[in-house]
Amino acid sequence: MNVSHPSVHPVEVTPLPPADGRVVVPPRVRMKVIQGMPGTIGGLSLRFCQFAYAVVSLAVMASTSDFPSVTAFCYLVAAVSLQSLWSLSLAILDIHALLVGRTLQNYKVVSLFSIGDGVTSTLTFAAACASAGITVLIGNDLGLCSQNHCKQFETATAMAFLSWFTALPSFLLNFWSLSSR
């Protein structure tokens, strides 16, 4: 029988089935902890990558002087700021869980992580798409790269896409864990 380790997830031990033929429901088997889920080394590395890419995107975009003139770039700054704060806070929780030796598989915790990851990854993806559209408009269609910071805009947009790309597995694993209960 494949049951979770009792020090992490206490499981009641059921006695042998009765001799009179009644059906005894076996104890519930907990889902296997997969790397990338909250409280694992893989989850911590995903959170760190999300945070690093979001901070780089924010720093590159903030280093330009003319990003406030375009709404999509302001949206990108707001989205990656939220993504970096969310990823940093969950990375701290992952570090705590790893140091204590617990997994974060509580229903309410996984629900919070799933909703938060879904919202932040959607906002980051939408902001990156909008910024990519404006960057293509400025660079390719209008040919105004000599007057703007096209390389910085492209770098910040690429980092936002990478942040979203590393946030997506976190969301999918949390959502899968939540839906498999």
Side-chain angles (χ1 to χ4, degrees), residues 1-14 25-62 72-132 155-181:
M1 178 180 240
N2 187 10
V3 179
S4 297
H5 192 273
S7 67
V8 177
H9 302 287
V11 177
E12 294 180 20
V13 178
T14 58
V25 179
R28 186 173 176 193
V29 177
R30 302 240 179 202
M31 188 172 83
K32 183 179 175 185
V33 176
I34 298 172
Q35 287 300 318
M37 296 178 108
T40 63
I41 295 290
L44 179 62
S45 63
L46 281 173
R47 296 292 176 195
F48 178 73
C49 289
Q50 293 167 22
F51 175 72
Y53 290 136
V55 166
V56 169
S57 177
L58 178 65
V60 169
M61 190 59 82
F73 294 154
C74 294
Y75 178 45
L76 179 72
V77 168
V80 295
S81 297
L82 179 67
Q83 180 69 47
S84 63
L85 290 174
W86 177 254
S87 298
L88 179 64
S89 62
L90 293 187
I92 291 169
L93 281 174
D94 282 343
I95 290 170
H96 174 71
L98 288 169
L99 291 176
V100 173
R102 297 276 180 155
T103 59
L104 299 172
Q105 293 300 315
N106 184 347
Y107 180 78
K108 290 180 182 178
V109 172
V110 173
S111 297
L112 176 72
F113 286 0
S114 182
I115 292 168
D117 283 340
V119 168
T120 56
S121 66
T122 302
L123 290 175
T124 303
F125 181 68
C129 288
S131 296
T155 303
T157 302
M159 291 296 122
F161 273 116
L162 288 174
S163 180
W164 168 75
F165 190 70
T166 55
L168 190 61
S170 297
F171 167 69
L172 292 175
L173 285 170
N174 286 327
F175 189 69
W176 176 55
S177 173
L178 187 64
S179 65
S180 67
R181 291 180 182 255

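Every value quoted in this text rests on a predicted model; they were computed, and no experiment measured them. Basis for what follows: all heavy atoms, side chains included, without hydrogens, waters or symmetry-related copies.
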Just so I know, are the side chains of L90 and L93 near enough to count as touching, which here means a heavy-atom distance under 4.5 Å? yes
Do D117 and W86 have side chains that approach each other closer than 4.5 Å (heavy atoms only, starting at C-beta)? yes
Atom OG1 of T166 and atom CD of Q50: how far apart are they, to the nearest 0.5 Å? 4.5 Å
Using side-chain heavy atoms (C-beta onward) and a distance below 4.5 Å, is Q83 in contact with W164? no
With rounding to the nearest 0.5 Å, note down the distance linking OG in S84 to OH in Y53. 15.0 Å
dist T124:OG1 -> M159:CE (nearest 0.5 Å) comes out at 14.0 Å
Using every non-hydrogen atom in the two residues, find where A79 and L123 come nearest and quote the distance to one decimal. CB-O, 3.7 Å
Between V80 and S163, is there a side-chain heavy-atom distance shorter than 4.5 Å? no
Heavy-atom closest pair, residues L44 and I95: CD1-CG1, 3.6 Å
If you round to the nearest 0.5 Å, how far is CD1 of I115 from CG of N174? 11.0 Å
To the nearest 0.5 Å, atom CG of L173 lies from atom CE of M37 at 6.0 Å
Min side-chain heavy-atom separation S87-F48 under 4.5 Å: no
Heavy atoms of S111 and L178 approach each other most closely as OG-CD1, 3.2 Å
Taking all non-hydrogen atoms of both residues into account, name the closest pair between A126 and Y75 and its distance. CB-OH, 3.6 Å
Enter the distance from F113:CZ to K108:NZ here, rounded to the nearest 0.5 Å. 14.5 Å
For F51, which of L88, V56, L46 qualifies under side-chain contact (heavy atoms from CB on, under 4.5 Å)? L88
How close do S81 and L58 get, counting heavy atoms only, and between which atoms? OG-CD1, 3.5 Å
Looking at every heavy atom in both A72 and S131, which two are closest together, and how far apart are they? O-OG, 3.4 Å
F125 side chain reached by L168 side chain, heavy atoms, under 4.5 Å: no
Measure the shortest side-chain to side-chain distance between S57 and L76 over non-hydrogen atoms and say whether it is less than 4.5 angstrom. yes
Heavy-atom side-chain contact between F171 and T120 under 4.5 Å: no
